[in-house]
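Below you'll find the structure, written out as structure tokens, and then a few comments.
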2 protein chains.
Amino acid sequence: MKKITIGDVAKHANVSKSTVSQYLNKRYEYMSERTRERIAVSIEELDYRPNIVARSLKQKSTFTIGVIVANILHSFSTQIIRAIENKFHENGFHIIVCNADDEPDKEKDYIEMLMAKQVDGMIIFPTGGNMDLYNRMKKSKFPIVFMDRIIADSEIETVALDNEQAAKLAIDEFVESGYRDIAIVTTSIIRNISPRLERIQGYKNALEYHQIPINPAYIKTTDAGMISQALEELFSYEKPPEALLAANDIVLMAVLTYVKKQGLKIPEDLAVIGIDEVPFAVFYTPSLTTISQPTIEMANLAVTLLMQQIDQEEKGKPQVHRLQPTLIKRESC
Amino acid sequence: MKKITIGDVAKHANVSKSTVSQYLNKRYEYMSERTRERIAVSIEELDYRPNIVARSLKQKSTFTIGVIVANILHSFSTQIIRAIENKFHENGFHIIVCNADDEPDKEKDYIEMLMAKQVDGMIIFPTGGNMDLYNRMKKSKFPIVFMDRIIADSEIETVALDNEQAAKLAIDEFVESGYRDIAIVTTSIIRNISPRLERIQGYKNALEYHQIPINPAYIKTTDAGMISQALEELFSYEKPPEALLAANDIVLMAVLTYVKKQGLKIPEDLAVIGIDEVPFAVFYTPSLTTISQPTIEMANLAVTLLMQQIDQEEKGKPQVHRLQPTLIKRESC
DNA sequence: CTGTTAGCGCCTTCAG
DNA sequence: CTGAAGGCGCTAACAG
């Protein structure tokens, strides 16, 4: 059951390897009708398939893209991955998805692996812990675009949400509904992950805008596993918040779990808005008001930007591209 | 910024390419301490990374595995993918994930692409629409394991849930809670997708076991988009069911949406059990009783079986490996 | 212990 | 219009 190669086809069709190669690459302008036909038949009969690895070696292009997400547990990540895959599939590219688990070391490993595999480019949700690597890649003009998280001074094309606006949308909604004691809880901030910082900033700005004093005790940032403790604290205050912005889907789920355990009622006891659209938002009772990210556009933009780099279309200065969130009004606020 | 190769390293270290190659492959038993050191330094200085594509061409092994899921929208798929990726990562393998979208043509495309890319093996959630292809792969001893869906006569190692048991667990629970009018709804069955068929069969067997007559009107199978209509029908009957088994997570979500729209109360108006564990099961009110698949074990088993094939460990007849579901008792029944 | 020599399967001039 | 020859970067005998 040996693998059949271009040589076998050539022999079978009584032509040379290069002729077959021409055929494969659709350069049959200067090829006789007859040979073309013969080659087609041979390929068919032998059930030949070109070896992409060999081709890649020669052409320095593997038609595969590496995608590294910081944390695949966020529904946002999987949504983006799906959209990216779709888009690349249209372009004949494959993607290799890697999950860095928020660990810079793992990310580094993956980046090096993917480089070694000669991927044509990468889309990364950066952990932020590998500046040197990012810079080296940038310097060597390796095609790369960042997603979701802004890495200061990285000079790398980045697609991100307008996070301040996301928080603002939520706060505006809360305020409009008459809430003033509004808390925000996000996952840990110690590694300066930009969306979280920005969402908190947006929260503060929005409160200020509405002339509501900022209560630092209403801002909780903690590891995913510690969210329920943070909530307990929040609700042990003399004046617990009446509204809460969950800065991502993981926080939202923790909040809902806490709410259930405490027998709180939404929105009477606590109004809730979550950033990130979640599948259960519609049928949860009450249905959940969310701030949705335009995942498809974000993915498409990232793909486009990457393809431009791959195709060497110089594009001036790399930028941060901010896409706009939208509020999906439901009943939790 | 040219790519630096093994040749550059050799030159830099004043040795031959093969010596460097030895070094890279950790065969330094017969290598002088000095050369080893020199090579290490050169690699460091030049920031050299081996080109895996070239290595793959030579070694006929790419250390990458293709994973094709029939439909990535099932949470089960993503859970399995995560687990598979984890496991392969331990083995130094990468995976390329493809989504066939339940379209055999797309599946075919992907299989051929992956073969062309010389992946070392594939794990497939088969659509069932490419028997000829499956057989050809099988015949050529290409390493492959099927997941989730049984393809009759395929002679391919398969990891699947004991689906009849899954349904039985649910029915037993319903019956124990005093329900007798029990419906089941699954996504479409026209392409004979085995888990769905088996779950229905398990449902029937279990009812029979409990000496409850089977009411065909209580068995609904329909496209994902049409589930709400099916439910409407179900509830327009003179005697609507009091309990409902959602055969997968997509159905479950549709059911919950319907329930909300109609203002039904779970479990008073309708008891519900869903097959597939879902993230919102715990905090939904009432929390949802589910039948959980042992995703991690299933993934690990699939990986193990595939690795055995890759390592040429002949294993006698291929089998269908059935893993056991477990009931997670909560409040919806 | 290290270097030489041949490829892996394909693509690409460049003759013919 | 077609074939011969060389090379992509790496590995694997086989000499030395």
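So you know, we letter chains A, B, ... as the sequences are listed, proteins then strands, and number each from 1.
Between A:Phe76 and A:Phe125, the ring planes are perpendicular. Angles over 60° get that label, and only those under 30° would be called parallel.
Straight-line distance from the CG atom of A:Asn51 to the C1' atom of C:dC11: 13 Å, rounded to whole Å. Here the P atom of nucleotide C:dG7 and the NZ atom of B:Lys17 are 14 Å apart, to the nearest Å. Per the geometry, CD belonging to B:Gln22 stands 11 Å off P belonging to D:dA13, to the nearest Å. The separation between A:Lys60 atom NZ and C:dT12 atom P is 12 Å, rounded to whole Å. In this entry the distance linking NZ of A:Lys11 with C1' of C:dG9 reads 13 Å, nearest Å. Between A:Gln118 atom CD and D:dG9 atom P the separation is 9 Å, expressed in whole Å. Distance A:Asp8 CG to C:dC10 P: 9 Å, rounded to the nearest Å. The CD atom of A:Gln59 sits 10 Å away from the C1' atom of C:dT12 (whole-angstrom rounding).
Residue A:Ser16 has no polar side-chain atom (N or O) positioned under 4.0 Å from OP1 or OP2 of D:dT2. Applying the 4.0 Å criterion to OP1 and OP2 of D:dT11, one finds that B:Ser21 has a side-chain N or O inside that range. The shortest distance between the side-chain N/O atoms of A:Asn25 and the OP1/OP2 oxygens of C:dC11 is below 4.0 Å. For D:dA12, the OP1/OP2 oxygens have no side-chain nitrogen or oxygen of B:Ser18 closer than 4.0 Å. Side-chain nitrogen and oxygen atoms of B:Tyr48 include at least one within less than 4.0 Å of the OP1 or OP2 phosphate oxygen of D:dC10.
By the ring pair (Phe, Tyr, Trp, His ring centres under 6.0 Å) test, A:His89 pairs with B:Tyr110, sequence neighbours left out.
Of the candidates D:dC10, C:dG3, C:dC10, C:dC10 carries the atom nearest the A:Ile6 side chain, counting heavy atoms from C-beta on. Set against C:dG3, C:dC10, D:dG9, the side chain of B:Leu57 has D:dG9 as its closest nucleotide. In the set C:dG9, D:dG3, D:dC10, the nucleotide with an atom closest to the side chain of A:Ala54 is C:dG9. Side chain of A:Lys58, nearest nucleotide from C:dC11, D:dG3, D:dT11: C:dC11. Here D:dG3 is the nucleotide among D:dG3, D:dC10, D:dG7 with the atom lying nearest to any side-chain atom of A:Thr19.
A distance of 6.5 Å separates CG in A:Asp153 from CE in A:Met131, rounded to the nearest 0.5 Å. To the nearest 0.5 Å, atoms OG1 (A:Thr19) and CZ (A:Arg36) are separated by 13.0 Å. Atoms CD1 and NZ, from B:Ile156 and B:Lys138 in turn, are 6.5 Å apart once rounded to the nearest 0.5 Å.
Between the side chain of B:Gln309 and the backbone N or O of B:Ile144 there is at least one donor-acceptor pair closer than 3.5 Å.
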I would like to know whether B:Asp120 and B:Ser61 meet side-chain hydrogen bond (donor to acceptor under 3.5 Å, both in side chains); could you show each step before the answer? CA-CA 6 Å; B:Asp120 295 340; B:Ser61 169; 3.1 Å; yes
Does the pair B:Arg149 and B:Asp102 meet the rule for a salt bridge (Lys or Arg N to Asp or Glu O under 4.0 Å), with working shown? CA-CA 12 Å; B:Arg149 275 123 100 131; B:Asp102 269 323; 3.0 Å; yes
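When the local axes at the two ends of the helix from C:dC1-D:dG16 to C:dG16-D:dC1 are compared, using 5 base pairs at each end, they differ in direction by 40° after rounding to 10°.
Here B:Ser56 lies out of heavy-atom contact (under 4.0 Å) with every strand.
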